[in-house]
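For reference, the structure is listed below as structure tokens.
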Amino acid sequence: MKKKVLSVLKKHIDKDIVLEKPKDLNFGHFSTPISFSLAKEYRKSPILIANELSKTLQNESIFCGVDAIKGYINFTLSDDFLDEYTTWALKNETNFAKDDKNEKILLEYVSANPTGPLHIGHARGAVLGDTLYRIAKHLGYKITSEYYVNDAGSQIEMLGVSIFLNGQNNFLNIAVEWPKEYYKGDYINDLAFEAKEKFGIEIFKDKKNISKLSYWAKDKMLNLIKSNLKECGIEFDNFVSEKKLYDKWDEVFDKLKANQAVYEKDGKWWLDSEKYGDEKNRVIIRDDGRPTYLAGDIIYHNDKFEREYDKYINIWGADHHGYIARVKAAIKFLGYDENKLEVILSQMVSLLKGGEPYKMSKRAGNFILMSDVVNDIGSDALRFIFLTKKSDTHLEFDVDMFKANDSSNPIYYINYAHARVHQLFEKSGKSEKDIINTKLLNLESDEKNILFYSLLLPEILEDAFSQRALQKLTEYLKNLASFVHKFYNEHRVVGSEKEDIYLKIFATAALSIRTGLKLIGITAKNKM
RNA sequence: GUCCCAAUAGCUCAGCUGGAUAGAGCACUUGAUUCCUAAUCAAGAGGCCGCAGGUUCAAAUCCUGCUUGGGACACCA
């Protein structure tokens, strides 16, 4: 819609034109402050320029009104144009708001260690990633989602140790000395119990069994994570194993050496990441020969870039921000364009319930489980809340808000709007087919406004995706629902003279609500 | 000490690639139902946009400094 308007304007003004939404739809559907920027060049007052421009644009059939107010030019779309576009949208429900982008994108997110269930902090990144993925797909991007599984290294080892000691303590009554960072929480008890059932109590008698426990438990935890994600409708295209990537280590390491990216000092191998903007150089191979975590990430990113995407997006927790520089440095050393990697940081979440704050921690046993919150308020509400805020701000919310069945619960409010439209069709005994060719004539301004807003979805999706600002979509859905409820209250539909016109308008609103909800992973309700 | 994020209504937050009277939801006050779900709607009240400078025709938005809060600064992942 915006493109269409811009192309019309281009015929008259050979400049970059900024089209914006007026604060108040009653000003018009689109507006431009172009005359302010032209004022200097033409040495005329913006108001005069706006007046002249509006006159020349008056005759375009796409507009029924072009008004110059205080230097702004406001455009109001014509009934003909709106009707034509509406009819097309309703006839092409699945293609409405789609686009045809061609960029190939690799999106990596969650990538939580398989050492325990997902907690609420992971959930935010998970929802963000999945929604970005859905929208990108809808807009036509060739996007692949990926989960990097840290199935090597000391955290996995610690998982085995935790289970082993737990078993010794619980089943063999041995007083154990717990290491500082061992994993606590009920799930470790459960794992120890399961291990006893599966391998026998003997397994807790010999320390040599720890690695066996590690690998057994790691697979169980990865499956648990997958099921946590699935409860929220999240599935991945790929899972990449860190352990398997190490097959390519020699090859990657040689490449680093050849590119003078690494050097040996104090018996360790260092990455010269300072050269490319990191604050210091980083160890990648310890003096005992074990690689550090960074080594794994270097192979992984080498692997990613070998697969040739146009863009790589990683969603990381905000606590990883210091990590970006060294990974980008490594990518550059490997001979790739580090600017193709974009890292989105998702900030902390604090959760309230009845005003009580929770502190979370992955290692302690008292973190908030993602699955608990899903059971509590449902996947829809959880997804929605994460998407109403920018990802880079701290978020605090009270779960009780999403249990209410009234307008204080946005999910409820939006679904209700959709359900109302559905019910109108039921009551009128009509289907979309019956009204799809109804001509929209002599529209009142409120009719026009709700229609226009309903048709705005493509622009919203484009903005939300390109700015990685998914709150624009949830905001839009709330507003659109508000339009529906307001219109519903002000107009009797069934049996009215304008029944078909109203139904067509409502059908368009419902289409956008349904499509928008689907993209944030929620199925619109037809009945409350 | 260095770096990142934030600071907007009583609360939770939008708005930030500079533009019209700074918005929404919750909470609060008042009103609307012989009628398609009032599970809704309407109206009201509520603001030194953290502070101080600067750039500009125009600053919540950009720049600089400061204050406050959160986070990161591993040979952990």
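Order of the sequence lines fixes the chain letters, A, B, ..., with proteins taken first and strands second; residue numbering starts at 1 for each chain.
The shortest non-hydrogen separation linking A:Ile377 to A:Leu382 is CD1-N, 3.9 Å. For the pair A:Phe487 and A:Asp446, the tightest heavy-atom approach, listed with the atom from each and the gap, is CE1-OD2, 3.6 Å.
When the C1' atom is compared between B:rU8 and B:rG25, the two are found 15 Å apart, to the nearest whole Å. Between B:rG54 and B:rU61, the two P atoms lie 14 Å apart (nearest whole Å). Separating the C1' atom of B:rG23 from that of B:rA9 is a span of 10 Å, rounded to the nearest Å. Comparing B:rC26 with B:rU64, their P atoms sit 39 Å apart, to the nearest whole Å. Using atom P as the reference point in both B:rU56 and B:rA72, the two lie 41 Å apart (nearest Å). Using C1' as the reference atom, B:rA22 and B:rC41 are 25 Å apart when rounded to the nearest Å. Remark: the separation of the C1' atoms in B:rG15 and B:rA60 is 8 Å, to the nearest Å. B:rG31 and B:rA38 have their C1' atoms separated by 13 Å, given to the nearest Å.
Remark: A:Glu490 CD is packed, more than 12 non-hydrogen atoms of other residues, nucleotides or ligands lying under 6.0 Å away. Within a 6.0 Å sphere centred on NZ of A:Lys403, heavy atoms belonging to other residues, nucleotides or ligands number more than 12. Few gaps surround NZ on A:Lys498; more than 12 heavy atoms of other groups in view lie less than 6.0 Å from it. Enclosure of atom NZ in A:Lys10 by more than 12 non-hydrogen atoms of other residues, nucleotides or ligands within 6.0 angstrom is indicated.
For A:Ser31, the side-chain atoms get nearest to B:rA20 when compared with the rest of B:rA20, B:rC3, B:rC36. Distance from the side chain of A:Tyr488 is smallest for B:rC36 among the nucleotides B:rC36, B:rU40, B:rA20. Distance from the side chain of A:His321 is smallest for B:rA72 among the nucleotides B:rA77, B:rA72, B:rC41. In this structure, of B:rA20, B:rA74, B:rC41, it is B:rA20 that holds the atom nearest to the side chain of A:Ile69. When each of B:rU17, B:rA74, B:rC41 is scored by its nearest atom to the side-chain atoms of A:Gln467, the top-ranked nucleotide is B:rU17. Of the candidate nucleotides B:rC73, B:rA38, B:rA20, B:rA20 has the atom lying nearest to any side-chain atom of A:Phe27. Side chain of A:Asn113, nearest nucleotide from B:rU40, B:rA77, B:rA20: B:rA77.
Rounding to whole angstrom units, CD of residue A:Glu497 and C1' of B:rC36 are separated by 17 Å. Rounded to an integer number of Å, the gap from A:Asn415 CG to B:rU40 P is 12 Å. Atom P of nucleotide B:rA77 and atom CD1 of A:Ile298 are separated by 13 Å, given to the nearest angstrom. Between A:Lys21 atom NZ and B:rU17 atom C1' the separation is 14 Å, expressed in whole Å. Between A:Lys218 atom NZ and B:rA77 atom P there is a gap of 16 Å when expressed in whole angstrom units. If you measure from atom CZ of A:Arg290 to atom C1' of B:rA74, you get 13 Å, rounded to the nearest angstrom. The distance from atom CG of A:Asp278 to atom P of B:rA74 is 11 Å, rounded to the nearest whole Å. For A:Phe425 and B:rC36, the CZ to P distance is 18 Å, given to the nearest whole Å.
Side chain to side chain, A:Asn314 and A:His301 meet the donor-acceptor criterion of an N or O pair below 3.5 Å. No side-chain donor from either of A:Asp406 and A:Tyr413 sits under 3.5 Å from a side-chain acceptor of the other. Counting only N and O atoms by type, the side chains of A:Glu338 and A:Tyr276 include no donor and acceptor under 3.5 Å apart. For the residue pair A:Thr131/A:Arg383, the side-chain donor-acceptor check at 3.5 Å is satisfied. Side-chain contact of A:His122 with A:Asn228: a donor-acceptor pair under 3.5 Å is absent, judged by distance alone. Looking only at atom types and distance, the side chain of A:Tyr263 has no donor-acceptor partner in the side chain of A:Asp272 under 3.5 Å away. Residues A:Glu146 and A:Tyr300 have side chains that bring a donor and an acceptor to within less than 3.5 angstrom of each other.
Checked against ring pair (Phe, Tyr, Trp, His ring centres under 6.0 Å), A:Phe236 has the following partners two or more places apart in sequence or in another chain: A:Tyr109, A:Tyr147, A:Phe239. For A:Asp303, the salt bridge (charged side-chain N to carboxylate O under 4.0 Å, His left out) criterion is met by A:Lys248, A:Arg307, not counting sequence neighbours.
In this structure, A:Glu279 reaches the sugar-phosphate backbone alone: every heavy-atom distance under 4.0 Å involves primed, P, OP1 or OP2 atoms, never a base. A:Asn74 comes within contact range of at least one nucleobase, with a heavy-atom separation under 4.0 Å. Base engagement by A:His491 is indicated by at least one non-hydrogen atom pair under 4.0 Å involving a base atom. Backbone-only contact: A:Gln471 has heavy atoms under 4.0 Å from sugar-phosphate atoms and none from a base.
By the 6.0 Å and 45° rule, A:Lys184 does not stack over the aromatic ring of A:Trp178. Cation-pi geometry between A:Lys389 and A:Phe397 is not met at under 6.0 angstrom from the ring centre and within 45 degrees of the axis.
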Every protein N/O within reach of nucleotides 23-32 of chain B N/O, cut-off under 3.5 Å:
{"residue": "B:rC26", "atom": "OP1", "partner": "A:Ser407", "partner atom": "OG", "Å": "3.1"}

Atom pairs, protein N/O to nucleotides 5-13 of chain B N/O, distance under 3.5 Å:
{"residue": "B:rC5", "atom": "O2'", "partner": "A:Asp392", "partner atom": "O", "Å": "2.6"}
{"residue": "B:rU12", "atom": "O3'", "partner": "A:Glu396", "partner atom": "O", "Å": "3.3"}
{"residue": "B:rC13", "atom": "OP1", "partner": "A:Glu396", "partner atom": "N", "Å": "2.8"}
{"residue": "B:rC13", "atom": "O2'", "partner": "A:Lys389", "partner atom": "NZ", "Å": "3.4"}

Measure all distances between protein nitrogen or oxygen atoms and nitrogen or oxygen atoms of nucleotides 54-59 of chain B, and list the pairs falling under 3.5 Å.
none

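Residues A:Ala152 and A:Ala469 each lie close to RNA chain B; by heavy-atom proximity, the contact nearer the 5' end of the strand is made by A:Ala469. Where A:Asp287 and A:Asp319 each meet RNA chain B at their nearest nucleotide, the meeting point lying more 5' is that of A:Asp319.
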Per-residue pairing states of RNA chain B in dot-bracket (Watson-Crick or G-U under 3.5 Å; . unpaired, | other strand) read (((((((..((((.....[...)))).(((((.......))))).....(((((..]....))))))))))))....
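The shortest distance between the side-chain N/O atoms of A:Tyr183 and the OP1/OP2 oxygens of B:rA77 is not below 4.0 Å.
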